[in-house]
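To start, the structure under review is shown below, and the notes come after it.
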Amino acid sequence: QKEVEQDPGPLSVPEGAIVSLNCTYSNSAFQYFMWYRQYSRKGPELLMYTYSSGNKEDGRFTAQVDKSSKYISLFIRDSQPSDSATYLCAMYSSRDDKIIFGKGTRLHILP
Amino acid sequence: DSGVTQTPKHLITATGQRVTLRCSPRSGDLSVYWYQQSLDQGLQFLIQYYNGEERAKGNILERFSAQQFPDLHSELNLSSLELGDSALYFCASSETKNPEYEQYFGPGTRLTVT
């Protein structure tokens with residue numbers, strides 16, 4: 001079983017829709033959960049950062065962590081064509097001193 | 001623009017050769033991370049340096065090595081190159097030694113091994 005699983009997509013949704021992106025993981029030691037956005041031919045950039053379980057909201061973006069299910073989500077409200085990118089989840093365990101990225105989900109927002 | 005620079009942007013070389021990738025971190029950042037990104041493996045952490053010292057190692061092959069210099073720029077050396085080493089190599093930098101905090105990624109170096 002891979003430590004982090006992420007559906008590669010592509011996921012195509014119409015502009016204005018709510019997008020849900022997800023990752024599952026197997027290592028219960030992960031405490032820090034991040035979402036990075038990567039545009040084509042660019043490096044990833046940090047979108048959201050959460051510690052432990054719970055929700056965090058930043059504008060149109062909401063990150064959710066459910067440690068009991070080992071499941072994290074990123075919701076994008078009122079999606080825009082400029083949100084079209086690859087979204088990578090990332091997780092870090094201070095116990096193992098290990099950072100792992102998901103393979104990324106390609107998202108297309110259709111105008 | 002993240003403030004992290006990487007050179008060269010593209011590199012084409014033959015199997016068995018050795019190459020050096022260079023990274024300049026954002027001003028003031030002490031940590032430099034190296035990652036390899038390929039279609040089948042995704043983004044894989046290779047190695048981290050903090051203020052000139054190796055801090056953490058990930059899935060870095062023995063044929064690969066890195067260092068961080070006193071001016072904080074870093075180089076990743078890849079030797080005895082194989083076709084499977086073809087990938088995008090990213091450098092990232094951050095203020096602290098903690099990988100969970102924001103890392104600023106450079107534009108990457110695309111390596112093609114023929």
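Worth knowing before you read on, the calculation uses all heavy atoms, side chains too, and leaves out hydrogens, waters and symmetry mates. Fair warning: this is a prediction, and the values are worked out from it, not measured in the lab. Letters A, B, ... are given to chains in the order of the sequence lines, protein chains preceding strands, and every chain is numbered from 1.
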May I ask you to check whether over 12 heavy atoms, not counting those of [X], lie within 6.0 Å of atom [atom1]?
X: B:E95; atom1: CD; result: no
X: A:K42; atom1: NZ; result: no
X: B:R55; atom1: CZ; result: yes

Taking atom [atom1] of [X] and atom [atom2] of [Y], what is their separation to the nearest 0.5 Å?
X: A:K98; Y: B:N59; atom1: NZ; atom2: CG; value: 8.5 Å
X: B:Q37; Y: A:T86; atom1: CD; atom2: OG1; value: 8.0 Å
X: A:M34; Y: B:Q103; atom1: CE; atom2: CD; value: 7.0 Å
X: A:L46; Y: B:F105; atom1: CG; atom2: CZ; value: 9.0 Å
X: B:L43; Y: A:Y36; atom1: CG; atom2: OH; value: 9.5 Å

Select one option (side chain, backbone, both, neither) describing which atoms of [X] are under 4.5 Å from chain B's heavy atoms.
X: A:Q31; answer: neither
X: A:I99; answer: both
X: A:Y51; answer: neither

Cluster link [X] to [Y], ILVMFWY, side chain under 4.5 Å:
X: B:Y49; Y: B:F90; value: no
X: B:W34; Y: B:V113; value: yes
X: A:L47; Y: B:Y101; value: no
X: B:L46; Y: B:V19; value: yes

At a heavy-atom distance under 4.5 Å, which candidate from B:Q41, B:E102, B:E100, B:R110 has the highest pair count against chain A?
B:E100
Just by distance, do the side chain of A:K103 and the backbone of B:L39 share a donor-acceptor pair under 3.5 Å?
no
